[in-house]
Number of protein chains: 4
Amino acid sequence: MRKIAVLTSGGDAPGMNAAIRAVVRKAKYHGVEVMGIYRGFEGFIEGNMELLELGSVGGIIQRGGTKLFSSRCPEFKEEKYQLQGIEKMKQASVEGLVVIGGDGSYRGANALTKLGFPCVGIPGTIDNDIPGTEYTIGFDTALNTVVESIDKIRDTATSHENSFIVEVMGRDAGDLALWAGLAAGAESVLIPEEPFNLDEIIERIKRGEARGKKHSIIIVAEGVMSGSELAKILKEKADIHTRVSVLGHIQRGGSPSARDRVLAGRLGARAVEILLNGSSGRAVGIKNHQVIDYDLDEAFKLKHKAELSLYTLSKELSI
Amino acid sequence: MRKIAVLTSGGDAPGMNAAIRAVVRKAKYHGVEVMGIYRGFEGFIEGNMELLELGSVGGIIQRGGTKLFSSRCPEFKEEKYQLQGIEKMKQASVEGLVVIGGDGSYRGANALTKLGFPCVGIPGTIDNDIPGTEYTIGFDTALNTVVESIDKIRDTATSHENSFIVEVMGRDAGDLALWAGLAAGAESVLIPEEPFNLDEIIERIKRGEARGKKHSIIIVAEGVMSGSELAKILKEKADIHTRVSVLGHIQRGGSPSARDRVLAGRLGARAVEILLNGSSGRAVGIKNHQVIDYDLDEAFKLKHKAELSLYTLSKELSI
Amino acid sequence: MRKIAVLTSGGDAPGMNAAIRAVVRKAKYHGVEVMGIYRGFEGFIEGNMELLELGSVGGIIQRGGTKLFSSRCPEFKEEKYQLQGIEKMKQASVEGLVVIGGDGSYRGANALTKLGFPCVGIPGTIDNDIPGTEYTIGFDTALNTVVESIDKIRDTATSHENSFIVEVMGRDAGDLALWAGLAAGAESVLIPEEPFNLDEIIERIKRGEARGKKHSIIIVAEGVMSGSELAKILKEKADIHTRVSVLGHIQRGGSPSARDRVLAGRLGARAVEILLNGSSGRAVGIKNHQVIDYDLDEAFKLKHKAELSLYTLSKELSI
Amino acid sequence: MRKIAVLTSGGDAPGMNAAIRAVVRKAKYHGVEVMGIYRGFEGFIEGNMELLELGSVGGIIQRGGTKLFSSRCPEFKEEKYQLQGIEKMKQASVEGLVVIGGDGSYRGANALTKLGFPCVGIPGTIDNDIPGTEYTIGFDTALNTVVESIDKIRDTATSHENSFIVEVMGRDAGDLALWAGLAAGAESVLIPEEPFNLDEIIERIKRGEARGKKHSIIIVAEGVMSGSELAKILKEKADIHTRVSVLGHIQRGGSPSARDRVLAGRLGARAVEILLNGSSGRAVGIKNHQVIDYDLDEAFKLKHKAELSLYTLSKELSI
């Protein structure tokens with residue numbers, strides 16, 4: 001291959017820029033050119049792209065968001081548009097594609113590969129919900145953002161002796177909530193992977209109160225219910241008054257953490273290697289600290305599993 | 001005076017701990033003892049307090065919240081409770097009181113002074129809404145928290161080309177929104193002090209779009225309306241789709257900024273000087289970089305004014 | 001005027017980008033074009049510049065450093081080069097210049113104005129050493145960086161019961177050291193504006209030790225002496241062992257604080273107004289929260305004064 | 001066991017407090033009391049300790065340093081002092097000890113175990129140099145501190161087109177330098193584990209310059225040489241002028257990252273389990289995301305290995 005392309009798709013995540021940089025620099029290292037496609041698959045269909053030089057990716061390793069913009073592109077499910085995009089790539093002599101994004105983006109990459117256009121997927125999402133990799137790019141940064149936010153909320157919770165419910169992102173995955181709960185020392189954590197016991201949560205709050213501790217932090221993953229729903233339930237069932245904080249989109253932004261940048265560097269480089277080795281239809285990931293790659297098909301068959309030992313531990317430490 | 005007390009009251013603010021530290025150390029410098037009263041006026045009524053040594057305030061200058069806890073104490077409006085608290089203080093040989101808080105707390109301090117118990121007020125609130133002082137302790141930190149949060153939101157807004165409404169605190173004051181708008185480069189800012197022109201906001205968004213800029217940040221002070229109300233209006237009136245981020249209580253927490261710590265140090269020291277000089281019923285503040293003090297009564301007569309030149313400037317720079 | 005230019009010169013400071021943005025947007029607001037000159041006066045001499053559009057200054061308000069690069073250009077003291085630069089500007093129809101920098105940069109701006117080319121200076125330096133303005137752009141950010149660094153050093157100082165000397169920037173001005181000392185609760189602060197009393201510093205450390213406090217933080221402004229010199233003196237004179245931390249260039253970087261961005265916005269806008277009003281040879285600044293402007297000549301006659309009441313206060317609070 | 005003790009020893013690291021908290025809470029969960037020993041093995045010898053309640057470890061999860069203080073205690077190598085400490089523990093009915101620290105601390109723990117006093121070691125050091133565990137508590141935080149500092153230095157390096165040498169900690173291990181190099185996009189990284197090629201470093205700088213890139217960041221691990229030594233060599237050998245930044249003790253401080261807190265929680269809990277299960281002379285660690293434990297003896301036989309694939313990758317990406 002003499003020329004490949006890279007795009008970011010789906011929800012943006014800190015570290016996407018570091019991954020773009022790694023793709024460009026690793027390719028350049030092997031004498032291969034890289035086109036940056038704008039706005040994900042939308043730009044792919046339209047052939048909306050630009051040559052990325054070494055200088056184009058200078059000074060972006062530390063930046064949140066994605067220099068290439070992202071979008072959700074529902075029409076890309078139709079083969080018509082996929083073929084149109086492949087045509088655009090061929091016209092520009094682009095021979096392969098690196099897709100940085102979540103599982104929706106992987107479906108696009110898989111479809112293109114099956115149509116004969118080689119793709120590799122890099123997991124970029126704060127939700128940490130891609131099967132086959134232990135971590136996704138962006139998770140560590142978002143986790144730190146959540147934990148720092150809860151640290152701030154705890155300042156006021158402690159000072160005023162109020163209890164807070166903090167709603168965090170993660171779609172169907174509870175990783176952000178689970179890790180943040182342990183790291184922020186939350187009194188209770190609700191994740192989609194485990195049924196929650198309302199009586200236990202209430203008892204935990206009351207036990208703390210009996211001990212003179214007048215504030216609690218309860219973290220709820222958006223995949224379970226909204227923070228305000230939980231507040232209503234606690235009020236109605238146990239007359240416990242809580243304030244609700246929905247962390248929202250600050251969780252997606254910010255300068256990537258060191259770990260997310262290193263992960264982005266490693267996965268970006270491997271994605272290029274795979275394409276240059278003539279392989280495709282693969283996703284890259286990290287397992288036991290080693291970079292791995294596996295069939296995109298597998299990513300849809302497997303199911304991401306949260307590290308549930310953290311859930312038990314979290315309960316034991318928040319007595 | 002040989003012994004004074006200090007309490008924090010109302011909404012907590014970063015820098016309250018630095019102010020407590022300054023009160024204790026300045027008093028100690030003059031050989032005067034300081035009692036720390038817990039939970040604001042509630043603790044005053046009950047005489048719930050403890051001697052603060054130099055070591056008690058070590059390592060708190062950098063901490064958010066308040067080591068002495070805070071509370072709102074509606075019953076303190078009744079003279080009965082005020083007198084009960086004064087009695088408790090007399091029993092403990094406490095001869096004066098420093099109150100750190102907002103305008104509600106000032107009312108308590110004023111009432112006590114009129115009953116013969118000398119008080120001085122220090123402005124501690126993130127809202128910057130105390131008349132007579134240009135800045136309150138906590139405002140600068142909250143402002144930086146808001147701006148850093150908007151920086152993060154902008155990462156994702158830019159990447160996805162979405163528009164965001166960010167709702168910020170401030171009660172009836174627009175200072176946080178106003179300063180944050182200018183500092184974060186928001187496209188529009190809505191504050192209670194100025195009528196907003198919906199058509200202008202809409203036009204501003206559309207003008208940006210016409211120029212190829214597909215995201216906008218609109219900041220709305222909670223004193224105007226909620227973020228979701230504004231989103232609904234924009235949707236209905238102009239079919240503009242926005243996402244809403246309510247920053248909430250993270251604005252109250254965090255390690256105080258350098259400025260808030262310096263302000264807290266200066267105001268805390270002056271409050272002690274006033275009491276030791278035999279004066280009382282005063283509030284301390286900062287004006288033209290000089291520490292000032294003025295009658296608590298004035299604080300209720302005056303009205304805080306936002307620096308409205310920033311409003312005009314903000315509009316000019318967000319063309 | 002239909003077209004002006006802007007450059008950054010001397011040591012860079014956080015907020016320079018925000019000032020560039022304000023210059024461009026304020027000028028655009030008045031229908032005036034802005035050229036961005038690269039590498040300070042070096043680029044001025046060579047006519048190395050580019051038209052800045054609204055989009056060129058998008059997404060830079062939160063970035064440290066300067067998009068236009070900076071440099072020190074000793075040859076610019078010679079009239080020959082000044083005239084050469086003016087010629088380049090005339091060829092490009094540039095009619096006025098905004099110079100963002102320190103006092104060295106102001107000399108260049110003044111010389112050009114006297115040669116008939118209208119200039120206005122904006123104070124951009126972390127040192128806060130420009131006479132005529134209370135604050136310079138970058139000072140607040142650098143101060144927060146210093147204070148956060150000392151907070152970190154205090155973690156380890158407290159844990160290990162070691163004493164630390166922290167050397168901070170500021171050239172001949174002690175502002176950074178002075179403010180940081182108060183904000184970080186340093187035990188002693190050495191600034192160029194005040195003679196220091198070694199015996200007092202030693203006594204202060206020993207008094208703390210006698211009270212069971214086994215660590216001290218001593219801040220020394222680079223204008224007094226280096227941290228390692230002070231460590232040597234303390235060792236030799238009093239057998240006090242200290243570790244030295246030289247904060248160095250991290251003090252110049254980082255995302256500008258909210259205040260620095262607001263200051264940059266206000267000063268940048270005023271600088272443009274002055275040029276458009278047909279005035280020149282002026283510096284802009286802030287005094288009692290109001291934007292002011294004054295003759296560049298004055299900036300050389302006046303002397304910046306540190307707020308020495310902070311020095312006294314710092315001593316009283318660090319008993 | 002009904003009562004155990006915990007101490008922190010050697011260089012302090014962010015997350016030590018979170019580990020102390022986990023030890024106390026896990027023990028309490030099993031109905032076991034925990035004594036906190038002050039100043040590491042020094043306090044062990046003297047029996048200088050205090051009962052830690054649930055409340056004693058409230059609000060410390062987010063704090064840098066160690067609440068129990070740390071120290072280096074060379075005399076603890078002598079059996080006489082070890083026996084004296086064991087005697088003190090027996091008098092207080094303390095039956096086991098958790099030691100949080102580096103390899104020096106592990107030697108102490110091992111010696112005590114061999115004398116019949118059950119100990120377990122938890123790896124707490126920013127250097128990441130403990131064999132048998134992939135990560136030590138504090139490494140992730142220090143890494144992020146280093147990377148954020150280099151981001152700041154890069155602001156000024158880019159603006160001024162200067163090259164910087166950044167000296168980072170790590171004793172004999174290159175992990176901090178290696179990971180930071182990749183995460184910060186450094187042009188060259190020197191670590192003790194790999195011989196460095198001066199000609200290559202010089203060529204890399206010159207190649208960048210030829211491409212128009214006028215600044216470079218070179219990271220040197222303290223285990224290789226000092227930053228100023230390297231600067232001198234570059235000056236003498238290739239007339240390359242660099243500025244030097246020694247990050248120093250800020251690397252040890254700061255609020256622990258989410259990952260360090262989670263790691264501390266997991267390892268602290270496991271250490272308690274081991275003691276309660278009647279085992280001892282073990283170190284805990286993390287391997288492939290699972291908590292493991294192994295003989296303390298092994299920790300001295302094994303050698304920590306840096307992930308050298310990052311070294312190669314770093315070179316490829318910094319072309």
Side-chain angles (χ1 to χ4, degrees), chain B residues 18 21-22 24-26 28-30 53-55 57-62 134 140 143-148 150-151 154 158 178-180 182-185 208 211-213 255-262 264-266 268-270 287-291 307 309-310 313-319, chain C residues 18 21-22 24-26 28-30 53-55 57-62 134 140 143-148 150-151 154 158 178-180 182-185 208 211-213 255-262 264-266 268-270 287-291 307 309-310 313-319:
Chain B
R21 175 184 179 272
V24 171
R25 287 175 170 253
K26 177 72 176 182
K28 285 274 183 189
Y29 179 80
H30 292 292
E53 299 288 359
L54 284 181
V57 295
I60 68 167
I61 200 172
Q62 77 273 31
E134 286 162 352
D140 189 62
L143 174 62
N144 278 296
T145 300
V146 170
V147 169
E148 285 162 24
I150 299 177
D151 285 352
R154 195 179 282 282
T158 313
L178 190 54
W179 285 71
L182 200 52
R211 224 173 62 221
K213 180 182 187 174
S255 181
S257 71
R259 266 200 206 229
D260 271 333
R261 299 189 202 179
V262 169
R266 297 178 81 182
R270 171 64 71 91
K287 195 165 179 182
N288 295 341
H289 313 300
Q290 299 310 312
V291 179
E307 176 61 58
S309 71
L310 300 188
L313 179 59
S314 192
K315 285 193 180 188
E316 290 180 9
L317 297 188
S318 61
I319 54 164
Chain C
R21 175 183 178 273
V24 171
R25 288 177 168 251
K26 177 75 176 180
K28 284 277 182 187
Y29 178 81
H30 293 291
E53 298 288 0
L54 284 183
V57 295
I60 67 168
I61 200 172
Q62 77 274 32
E134 286 162 352
D140 189 62
L143 174 61
N144 278 296
T145 301
V146 170
V147 170
E148 285 162 24
I150 298 177
D151 286 351
R154 195 178 283 280
T158 312
L178 191 53
W179 284 70
L182 200 51
R211 225 173 59 222
K213 181 180 185 174
S255 181
S257 71
R259 260 192 213 237
D260 272 334
R261 298 189 201 180
V262 169
R266 297 179 81 182
R270 172 64 72 90
K287 195 165 177 182
N288 295 339
H289 311 301
Q290 299 310 310
V291 180
E307 176 61 57
S309 70
L310 300 187
L313 179 59
S314 191
K315 285 194 181 187
E316 290 179 8
L317 297 187
S318 63
I319 53 165

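A, B, ... follow the sequence lines: proteins, then strands. Residue 1 opens every chain. Heavy-atom basis, side chains included; hydrogens, waters and symmetry copies ignored. Just so you know, these numbers come straight off a predicted model, no measurement behind them.
When side chains are defined from C-beta on, B:V147 does not count as touching C:Q62, because their heavy atoms never get closer than 4.5 Å. Side-chain contact check for C:E307 versus B:Q290: some heavy-atom pair is nearer than 4.5 Å. Counting heavy atoms from C-beta outward, C:K287 and B:N288 have side chains that stay 4.5 Å or more apart.
For chain C, the nearby part of B:S309 is the side chain; its heavy atoms alone come within less than 4.5 Å. When heavy atoms are compared at a cutoff of 4.5 Å, B:L182 approaches chain C by way of both its backbone and its side chain. Proximity to chain C is absent for every atom of B:S314, based on heavy atoms less than 4.5 angstrom apart. Proximity to chain B (any heavy atom under 4.5 Å) is shown, for C:A22, by both the backbone and the side chain.
Side-chain atoms of C:H289 and B:E134 include a donor-acceptor pair closer than 3.5 Å.
Taking chain C as the reference chain and counting heavy-atom pairs below 4.5 Å, the highest number among B:L310, B:L313, B:D151, B:L143 is found for B:D151. Contact tally against chain B (heavy-atom pairs below 4.5 Å) for C:L317, C:V262, C:I61: the top residue is C:L317.
Formation of a donor-acceptor pair under 3.5 Å by the B:N144 side chain with backbone atoms of C:S257 is not found in this model.
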Begin from the C-alpha positions of B:L54 and C:K213 and carry the test side chain to side chain contact (heavy atoms under 4.5 Å, CB included) through to its verdict. CA-CA 10 Å; B:L54 284 181; C:K213 181 180 185 174; over 6 Å; no
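Scanning both residues, B:R21 and C:G185, for their nearest heavy atoms gives NH2-CA, 3.5 Å. In this structure, B:R25 and C:S318 approach most closely via the heavy-atom pair NH1-CA, 3.9 Å. The two atoms that bring C:A183 and B:A258 nearest to each other are CB-O, 3.7 Å, heavy atoms only.
With sequence neighbours left out, B:R259 forms a salt bridge (Lys or Arg N to Asp or Glu O under 4.0 Å) with C:D140.
A distance of 13.5 Å separates CH2 of B:W179 from CZ of C:R261, quoted to the nearest 0.5 Å.
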